Amino acid sequence: FSVLFYVFYDFQKQKLNNAKREQIAKIENFFHKTIEKNLKNYSYELSSKILDNPDIILALKEQNKNKLEQLTIEKYSILLTKDPYITQMNFFSKDGTSLLRLQKLDLSGDNILQSRPMLKKVFDTKETFFGFEKGLTGLSYRVILPLFDEKNDFVGAFEIGISVRKIMYSITFFNNIQGVFYETNL
């Protein structure tokens, strides 16, 4: 009898472990798809809405903070009412200096290339980068796009950041689980 019980117990234990692995794989897959669709693609879409006016590129090229703010602040405010998970929208001049932080209008003029590896990659390669990175306003999923003028000269970069709470909300809502992000030495 004890051998039969052990075999049954072992079989159930294996079934439970397999079900657990499958559930974890589903959640991981959902996590990556959520990032792709709800963060990366969504951030590109928001960026195109912000950057749809060629005068924005000109204002960045001229490092005209006031004009850049005038051209973008209303769009930014509208986007925030539609999505409170937007945490950053920043413009950086071609030397890496923060020209305009739409979420903190009074904070600009600092060069943060050395403290932000992803931003530095954009400036070094002139290619778009995306992923999680911690900045002045915390950990966010960020998409950073290099910006070019009509002659294809690099004029700076645009960054949009989305709160990690957006991911947690999606995972919780669709998978009926709770979770937390815990950051250490990021």
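Fair warning: this is a prediction, and the values are worked out from it, not measured in the lab.
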Just wondering, do Lys75 and Ile56 contact through their side chains at under 4.5 Å, heavy atoms?
yes

Could Asp153 and Lys94 be called an ion pair, given the rule that one side-chain N must be under 4.0 Å from one carboxylate O?
no

Do you know which two heavy atoms are closest between Leu99 and Ser108, and how far apart they sit?
O-CB, 3.5 Å

In one Ile/Leu/Val/Met/Phe/Trp/Tyr side-chain cluster, 4.5 Å: Phe154, Leu58:
no

Residue pair Phe132 / Arg142, side-chain heavy-atom distance below 4.5 Å
no

Cluster overlap Ile78 with Ile162, hydrophobic side-chain contacts below 4.5 Å:
no

Check whether any side-chain heavy atom of Ile144 lies under 4.5 Å from a side-chain heavy atom of Thr128, and answer yes or no.
no

Have a look at Asp124 and tell me which of Lys120, Lys126, Lys121 forms a side-chain hydrogen bond (donor to acceptor under 3.5 Å, both in side chains) with it.
Lys120

Distance, nearest 0.5 Å, that separates OH of Tyr76 from CG of Leu100:
10.0 Å

Minimal non-hydrogen separation, Leu105 against Lys65, with atom names:
O-NZ, 3.1 Å

Please answer whether the main-chain N or O of Ser93 pairs with a side-chain N or O of Thr97 as donor and acceptor at a distance below 3.5 Å.
no

Evaluate side chain to side chain donor-acceptor pair (under 3.5 Å) for Ser140 paired with Glu133, printing each intermediate quantity in order.
CA-CA 6 Å; Ser140 299; Glu133 188 171 62; over 6 Å; no

Once you measure the plane-to-plane angle for Phe91 and Phe158, does it fall in the parallel (<30°), tilted (30-60°) or perpendicular (>60°) bin?
tilted

With a 4.5 Å cut-off on side-chain heavy atoms, are Lys15 and Asn18 touching?
no

If you compare all heavy atoms of Val143 against all heavy atoms of Phe130, which two are closest, and at what distance to 0.1 Å?
CG2-CB, 3.8 Å

Test salt bridge (Lys or Arg N to Asp or Glu O under 4.0 Å) on Arg101 and Asp106; report intermediate values, then the result.
CA-CA 8 Å; Arg101 287 184 172 97; Asp106 59 332; over 6 Å; no

Tightest non-hydrogen contact, residues Asn90 and Leu102, listed as OD1-N, 4.3 Å

Do the non-hydrogen side-chain atoms of Glu150 and Lys61 ever get within less than 4.5 Å of each other?
yes

Which pair of heavy atoms, one from Thr87 and one from Gln103, lies closest together, and at what distance?
O-CG, 3.5 Å

Met89 versus Leu79, closest heavy-atom pair with distance
CE-CD1, 3.5 Å

Between Leu147 and Ile73, is there shared hydrophobic-cluster membership here, with clusters defined by ILVMFWY side-chain heavy atoms closer than 4.5 Å?
yes

Distance col, row Glu159:CD vs Leu119:CG, nearest 0.5 angstrom, shows 6.5 Å

Working to the nearest 0.5 Å, report the span between CZ of Arg116 and OG of Ser98.
9.5 Å

Are the side chains of Leu16 and Lys20 in touch, meaning some heavy atoms are under 4.5 Å apart?
no

